[in-house]
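One structure below.
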Amino acid sequence: MTGTDIRAGEMTVAAAPADGDRLAFIGRIRTPWTDRRDCPRQGSTDGPECRLIVDDVWIPALAGLDDYATIEVLYWLDRARRDLVTQSPRGDGTVYGTFALRSPVRPNPIGTSIVRLDRIERGILTVRGLDCLDGTPLLDIKPDRALFIPKAPPKSGV
């Protein structure tokens, strides 16, 4: 805990200043897959256990997350190519634009999965449903938008 903000209960950490073009990893992901050929194309909530290892400074940010059965995980596909504009995922000559696919090969290789949250213990989230390699950098964690109920008061005129 490094400080409090103007509103009661808000806590801040010493983080890099936002400069518009930098991402800050908040931890690492542990999965059973070390080779892309073995990694599933899409995760399944009945798949193997995986762990999100959250850096100590971000552990307080997990408060209340265990209220959700499923969460959205965003991660940086650090070993993916970034140069394909079109792709033929089946290798049969049918070509799609990169933005029409969920391929890890994209200009900004951000992966996202809706996963089942099994438990949280000391900054380690055990989940099922990931589709990334072991050691993948963790970008963010959010409640599943289908289950989320806003905690802030409604905005007027919206």
Side-chain angles (χ1 to χ4, degrees), residues 1-36 38-82 98-155 158:
M1 185 169 16
T2 62
T4 56
D5 202 344
I6 295 170
R7 292 191 286 193
E10 289 187 352
M11 183 173 33
T12 62
V13 298
D19 62 8
D21 64 356
R22 293 195 131 154
L23 297 172
F25 302 140
I26 62 167
R28 291 277 168 180
I29 299 174
R30 303 307 314 228
T31 71
W33 308 290
T34 57
D35 189 304
R36 188 169 168 210
D38 300 327
C39 195
R41 287 188 186 263
Q42 301 294 324
S44 172
T45 55
D46 63 352
E49 279 190 358
C50 299
R51 292 174 293 139
L52 310 178
I53 313 295
V54 176
D55 292 343
D56 289 347
V57 69
W58 296 112
I59 291 175
L62 299 172
L65 188 65
D66 54 0
D67 291 344
Y68 300 93
T70 55
I71 59 174
E72 183 174 11
V73 180
L74 290 93
Y75 38 98
W76 187 256
L77 300 165
D78 59 327
R79 289 161 270 187
R81 289 176 56 183
R82 301 175 73 172
T98 290
F99 299 138
L101 300 170
R102 291 189 52 85
S103 164
V105 181
R106 45 198 333 102
N108 293 300
I110 298 171
T112 179
S113 291
I114 301 294
V115 300
R116 186 177 87 202
L117 176 60
D118 287 346
R119 65 188 172 279
I120 302 174
E121 296 171 335
R122 296 179 304 279
I124 300 172
L125 291 74
T126 302
V127 300
R128 294 177 187 268
L130 282 171
D131 59 354
C132 60
L133 296 174
D134 189 52
T136 296
L138 179 61
L139 283 172
D140 207 347
I141 303 165
K142 300 180 180 202
D144 180 345
R145 69 179 58 102
L147 303 176
F148 184 70
I149 298 169
K151 293 175 175 39
K155 292 183 177 181
V158 178

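Counting from 1, the numbers follow the sequence of the chain as shown. Every heavy atom of this structure was used, including side-chain atoms; hydrogens, water molecules and symmetry mates were not.
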**Asked** Is a donor on one side and an acceptor on the other found under 3.5 Å between the side chain of Arg122 and the backbone of Ile59?
**Response** no

**Request:** Kindly indicate whether the side chain of Val73, heavy atoms from C-beta on, has any atom under 4.5 Å from the side chain of Leu138.
**Result:** yes

**Prompt:** So how far is it from Ile114 CD1 to Asp144 CG, rounded to the nearest 0.5 Å?
**Reply:** 4.5 Å

**Prompt:** Once you round to the nearest 0.5 Å, how far does CH2 of Trp76 lie from CG of Leu139?
**Reply:** 7.0 Å

**Message:** I'd like to check Val127 versus Leu117 (side-chain heavy atoms, cut-off strictly below 4.5 Å). Are they in contact?
**Reply:** yes

**Message:** Among residues at least two apart in sequence or on other chains, which ones pass salt bridge (charged side-chain N to carboxylate O under 4.0 Å, His left out) with Arg145?
**Reply:** Glu72

Let me have the donor-acceptor pairs involving side chains of residues 62-69, under 3.5 Å, with sequence neighbours excluded, atom names and distances please.
residue, atom, partner, partner atom, Å
Tyr68, OH, Lys151, NZ, 2.6

**Message:** For a 4.5 angstrom cut-off between non-hydrogen side-chain atoms, does Thr126 reach Arg51?
**Reply:** yes

**Request:** Grab the two heavy atoms, one from Cys132 and one from Thr31, that are nearest each other, plus how far apart they are.
**Result:** O-OG1, 2.9 Å

**Message:** Looking at Asn108 and Ile110, would you say the former's side chain and the latter's main chain have a donor-acceptor pair under 3.5 Å?
**Reply:** no

**Message:** Is any side-chain heavy atom of Tyr75 closer than 4.5 Å to one of Pro137?
**Reply:** no

**Complete:** When rounded to the nearest 0.5 Å, the distance separating CG of Leu125 from CZ of Arg119 is 10.5 Å

**Complete:** salt bridge (charged side-chain N to carboxylate O under 4.0 Å, His left out) pairs touching residues 124-138, sequence neighbours excluded, are Arg30-Asp134, Glu49-Arg128, Asp118-Arg128

**Asked** Is there a side-chain contact between Ile141 and Ile26 (heavy atoms, below 4.5 Å)?
**Response** yes

